[in-house]
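Just so it is clear, the model here is predicted, and its values are computed rather than measured. Every heavy atom of this structure was used, including side-chain atoms; hydrogens, water molecules and symmetry mates were not.
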Amino acid sequence: MRWDRPPVHETILSLPSWVVGRVEYDRGYATDEERMRLAIRLAAENIANGTGGPFGAAVFERGSGRLIAVGVDSVVRLNNSTAHAEMLALQLAQRRIASGDLAAAGHPAHELFTTCAPCAMCLGAVHLSGVTRLVSAARREDTTRQEPATGTVAKDSSTRLRAHGIEIVEDLLRPEARAVLIDGASTP
């Protein structure tokens with residue numbers, strides 16, 4: 001195959017422009033349900049705006065509920081197989097706090113909310129990111145219509161994350177997230 005483009009020496013990961021006016025960073029998200037509903041709403045709006053697949057994620061300060069960063073599936077929009085919602089949310093959170101470790105000294109604990117149980121790549125990023133809690137909505141089997149497949153996840157992934165001090169909560173608002181995955185249904 002002949003390449004007709006010059007080599008690339010940088011990549012820029014960004015959120016779609018519609019996110020800017022639709023996310024309230026200044027308000028507190030008091031409950032797990034409020035936090036997950038934000039991620040689900042972002043996934044639904046990503047579909048509605050034609051900017052990616054039905055996946056959303058958000059990083060919060062664990063105690064206060066302060067929103068640090070969000071992410072939406074951007075694989076096709078950015079031509080980047082690593083631009084999953086979780087990856088963008090984690091990278092933007094690390095950039096915002098100016099540390100590659102969300103558990104860095106002097107920073108509060110952080111948690112990741114995601115509309116679907118993470119793939120193998122995203123689980124690796126969760127482990128390395130410094131988040132202390134992972135909350136997911138839909139299960140991987142709920143994504144059977146989504147292509148391409150995101151790889152096999154080891155059955156003991158949750159056990160390994162827990163062994164590293166990461167709390168895992170699964171199936172929070174699963175029916176709402178599943179509806180977005182299956183029909184692209186919008187949510188309140």
Using residues 52-62 as the side-chain source, report each donor-acceptor pair under 3.5 Å to any protein atom, sequence neighbours left out, with the distance given to one decimal.
| unit_1 | atom_1 | unit_2 | atom_2 | d |
| --- | --- | --- | --- | --- |
| E61 | OE1 | S64 | OG | 2.8 |
| E61 | OE2 | R66 | NH1 | 3.0 |
| R62 | NH1 | T132 | O | 3.3 |
| R62 | NH1 | T132 | OG1 | 3.1 |
| R62 | NH2 | E167 | OE1 | 2.3 |

Return all side-chain donor-acceptor pairs below 3.5 angstrom for residues 21-30, not counting sequence neighbours, or 'none' if the list is empty.
| unit_1 | atom_1 | unit_2 | atom_2 | d |
| --- | --- | --- | --- | --- |
| R22 | NH1 | E45 | OE1 | 2.9 |
| R27 | NH2 | E34 | OE2 | 2.5 |
| Y29 | OH | E24 | O | 2.9 |

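Between the side chain of N49 and the main chain of T51, no donor-acceptor pair closer than 3.5 Å is present.
Between L161 and H127 the shortest side-chain heavy-atom distance falls below 4.5 Å. Using a 4.5 Å cut-off on side-chain heavy atoms (C-beta onward), L134 and V169 make no contact. In this structure the side chain of Q94 reaches within 4.5 angstrom of the side chain of S129, judged on heavy atoms. Residues R140 and C119 meet the side-chain proximity criterion, which asks for heavy atoms closer than 4.5 Å.
Partners of H9 under the ring-ring contact (aromatic ring centres under 6.0 Å, His included) rule, at least two apart in sequence or in another chain, do not exist in this structure. Taking the salt bridge (Lys or Arg N to Asp or Glu O under 4.0 Å) definition, one finds that R160 meets it with D156, sequence neighbours left out. Residues satisfying the salt bridge (Lys or Arg N to Asp or Glu O under 4.0 Å) criterion with D171, sequence neighbours excluded, are R139. Taking the side chain to side chain contact (heavy atoms under 4.5 Å, CB included) definition, one finds that N80 meets it with T11, L13, L78, T82, A83, sequence neighbours left out.
Summarising the geometry, atom CG belonging to L172 is positioned 5.0 Å from atom CE belonging to M36; distances are rounded to the nearest 0.5 Å. Taken to the nearest 0.5 Å, the CD1 atom of I68 stands 5.0 Å off from the CZ atom of R96. In this structure, the separation between CD1 on I40 and CZ on R174 is 12.5 Å, given to the nearest 0.5 Å. Between L112 atom CG and R133 atom CZ the span is 11.0 Å, to the nearest 0.5 Å. To the nearest 0.5 Å, atom CG of residue L123 and atom OG of residue S157 are 5.0 Å apart. Taken from CD in E86 to CG in L90, the straight-line distance is 8.0 Å, to the nearest 0.5 Å.
No salt bridge links D32 with R37; every basic N to acidic carboxylate O contact stays at or beyond 4.0 Å.
Closest of all the heavy-atom pairs between G130 and D101 is CA-OD1, 3.6 Å. Shortest non-hydrogen contact noted between H110 and L102 is ND1-O, 2.8 Å. Looking at every heavy atom in both residues, G71 comes nearest to A89 through N-CB, 3.7 Å. Summarising the geometry of N46 relative to P16, their closest heavy-atom pair is OD1-CG, 4.0 Å, with the distance given to 0.1 Å. Across all their heavy atoms, C116 and L181 have their closest contact at SG-CD1, 4.4 Å. Minimum interatomic distance between L88 and V72 (heavy atoms only, all atoms of both residues): CD1-O, 3.3 Å.
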**Message:** Quick one, R77 with S74, criterion side chain to side chain donor-acceptor pair (under 3.5 Å). Give me CA distance, side-chain angles, the key distance, then yes/no.
**Reply:** CA-CA 5 Å; R77 182 178 60 82; S74 298; 2.8 Å; yes
**Item:** Step-by-step side-chain contact (heavy atoms from CB on, under 4.5 Å) determination, C122 to M87
**Value:** CA-CA 6 Å; C122 292; M87 299 295 284; 3.7 Å; yes
**Asked** Should L38 and V70 be marked as a side-chain contact (heavy atoms from CB on, under 4.5 Å) after you check the CA-CA gap, both sets of side-chain angles, and the distance that decides it?
**Response** CA-CA 9 Å; L38 171 63; V70 300; 4.2 Å; yes
**Asked** Stepwise, does the side-chain contact (heavy atoms from CB on, under 4.5 Å) test hold for R178 with I182?
**Response** CA-CA 6 Å; R178 190 172 188 275; I182 293 172; 3.0 Å; yes
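Cluster annotation: L67 and W18 are assigned to the same hydrophobic cluster (Ile/Leu/Val/Met/Phe/Trp/Tyr, side-chain heavy-atom contacts under 4.5 Å, transitive). Tracing side-chain contacts under 4.5 Å through hydrophobic residues (I, L, V, M, F, W, Y), one reaches F113 starting from V19; they form part of the same cluster.
Side-chain contact, E170 with S136: no donor N or O sits under 3.5 Å from an acceptor N or O.
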